[in-house]
Amino acid sequence: MSPNPTKPLETNIAGDNEERIKRFLATASHDLQSPLRHIAMYAELLLDDLEETLDDEQLQSLKMILEKAQAAQRLTKALMSLAGGAPQVTLEEVDLKALAEKIWSELIEETGARDATFASEGLPSIRTDPALFGLVLRQLISNALTYRNSSPPHVAIAAEQEGANWFIRISDNGMGIDPAYRERIFEPFWKLPKTGAAPGAGLGLTTAQELLKALGGDISLEHSDETGSRFTIRLQLRET
């Protein structure tokens with residue numbers, strides 16, 4: 001029997017894509033470090049100089065700028081370490097319900113999807129990296145708000161423990177994913193076709209998958225049809 005000539009080619013393509021992802025993450029994260037550092041530094045200077053003269057709303061806004069810049073710095077450092085093959089995972093006790101609600105509020109502000117609704121059920125505190133896992137949740141919720149149909153978006157998150165794993169399911173009532181595309185959604189640099197969608201690198205789900213691997217988990221598309229989609233995240237149960 002003659003060898004399959006396509007197998008080495010597929011392996012090479014997968015390897016090339018993985019290297020491209022790593023280079024992309026490393027370059028983007030590195031280039032963001034300097035502006036983020038300056039934003040945080042100037043916010044701290046303004047707080048030191050103006051704290052006594054600002055009203056409560058102004059002070060809260062300035063503190064929020066500093067907090068977001070510092071969080072972004074931590075995240076870009078984590079992505080750089082991931083691209084370098086030695087991910088730095090900082091495990092903390094994370095209130096999953098509070099994290100999901102915070103991400104939801106931020107995305108509603110960013111997208112203007114005021115008609116969207118959110119529900120959660122049985123969300124526990126889990127031991128994970130809040131920055132990396134938060135990025136995964138943000139990507140899935142953002143996709144649910146982007147790939148919507150004519151109905152107001154609804155996103156639901158539920159979690160349950162099975163043996164040594166947490167299973168976290170994110171469901172939406174969006175347009176669903178065509179069966180022809182379901183094998184491709186985790187491919188790097190591939191985007192689900194959608195008229196009028198904002199341009200992007202097509203790395204959202206790919207990066208989410210890689211981040212979950214670093215956290216000792218994985219992600220899969222459990223269900224999708226015209227009524228919506230459901231993604232399942234599996235995370236290993238980590239003891240305190």
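Computation of the quantities below employed the complete heavy-atom set of this structure, encompassing side-chain atoms and omitting hydrogens, waters and symmetry-equivalent molecules.
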*Below 4.0 angstrom, N of the basic side chain to O of the carboxylate: do Lys97 and Glu121 qualify?*
no
*asked:* Counting only heavy atoms not in Glu162 (residues, nucleotides, ligands), do more than 12 fall under 6.0 Å from its CD?
replied: yes
*So do Phe133 and Ile168 actually touch side chain to side chain, heavy atoms under 4.5 Å?*
yes
*asked:* Any heavy-atom pair between the side chains of Asp218 and Leu212 that's under 4.5 Å?
replied: no
*Taking side chain as C-beta onward, heavy atoms only, is Ile157 less than 4.5 Å from Trp104?*
no
_Reported CD-to-CG distance for the pair Gln161 and Leu235, which is rounded to 0.5 angstrom_ = 12.0 Å
*When you measure from the side chain of Asp172 to the backbone N and O of Val155, does any donor-acceptor pair fall under 3.5 Å?*
no
_Same apolar cluster (I L V M F W Y, side chains within < 4.5 Å links), Tyr42/Leu50_ = no
*Report yes if some heavy atom in the side chain of Asp115 is under 4.5 Å from a heavy atom in the side chain of Arg148; otherwise report no.*
yes
*asked:* Quick one, Thr128 with Arg238, criterion side-chain contact (heavy atoms from CB on, under 4.5 Å). Give me CA distance, side-chain angles, the key distance, then yes/no.
replied: CA-CA 8 Å; Thr128 189; Arg238 296 178 183 267; 5.9 Å; no
*What distance separates Ile141 CD1 from Ile170 CD1, expressed to the nearest 0.5 Å?*
7.5 Å
_Please find the pair of heavy atoms, one from Gly228 and one from His223, that lie closest to each other, and give the distance._
O-CD2, 3.9 Å
*Just how far is it from atom CZ of Phe118 to atom CD1 of Ile103, taken to the nearest 0.5 Å?*
9.0 Å
*Determine the minimum heavy-atom distance between Leu66 and Glu44, stating which atoms define it.*
CD1-CG, 3.6 Å
*Might you work through the side-chain contact (heavy atoms from CB on, under 4.5 Å) test for Leu123 and Leu99, ending with a clear yes or no?*
CA-CA 10 Å; Leu123 299 189; Leu99 178 62; over 6 Å; no
_Side chain to side chain, Ile233 and Leu140, heavy atoms closer than 4.5 Å_ = yes
_Taking every non-hydrogen atom, the tightest pair across Ile108 and Ala113_ = CD1-O, 3.3 Å
_Checking side-chain polar atoms at under 3.5 Å, does Asp56 have a donor or acceptor matched by the opposite partner on Gln60?_
no
*asked:* For Ile39 versus Ala69, what's the shortest heavy-atom pair and its separation?
replied: CG2-CB, 3.8 Å
*Kindly compute the distance separating NZ (Lys63) from CG (Leu54), expressed to the nearest 0.5 Å.*
10.0 Å
*Applying the 4.5 Å side-chain criterion to the ILVMFWY set and letting contacts propagate, would Phe167 and Leu137 be lumped into a single cluster?*
no
*Verify the cluster assignment for Leu36 and Leu47: are they in a single hydrophobic cluster under the rule of side-chain heavy atoms below 4.5 Å apart?*
no
*asked:* side-chain contact (heavy atoms from CB on, under 4.5 Å) for Thr90 and Leu132? Distances and angles first, verdict last.
replied: CA-CA 9 Å; Thr90 303; Leu132 299 185; over 6 Å; no
*Should we say atom CD of Glu110 is surrounded by more than 12 heavy atoms from elsewhere, each under 6.0 Å from it?*
yes
*Any side-chain heavy-atom pair of Thr117 and Pro152 under 4.5 Å*: no
_Nearest 0.5 Å, please: how far is CD in Glu226 from CG in Asn149?_
10.5 Å
*Please check if the side chain of Asn173 supplies one atom and the backbone of His154 the other of a donor-acceptor pair under 3.5 Å.*
yes
*For Leu211 and Asp129, run side-chain contact (heavy atoms from CB on, under 4.5 Å): C-alpha distance rounded to whole Å, both residues' side-chain angles, the deciding distance at 0.1 Å, then the answer.*
CA-CA 10 Å; Leu211 292 176; Asp129 186 305; over 6 Å; no
*So which of Arg182, Arg169, Arg234 actually passes salt bridge (charged side-chain N to carboxylate O under 4.0 Å, His left out) with Glu222?*
Arg169
*CG of Leu215 to CZ of Arg127: how many Å apart, nearest 0.5 Å?*
12.5 Å
*If two hydrophobic side chains count as joined below 4.5 Å and joins carry through other members, does Val94 share a cluster with Leu91?*
yes
_Close side-chain approach of Arg114 and Glu109, heavy atoms under 4.5 Å_ = yes
*Is the shortest heavy-atom distance from the side chain of Gln139 to the side chain of Thr207 under 4.5 Å?*
no
*asked:* For residues Leu135 and Ile185: do they belong to one hydrophobic cluster (side chain heavy atoms under 4.5 Å, members Ile, Leu, Val, Met, Phe, Trp, Tyr)?
replied: yes
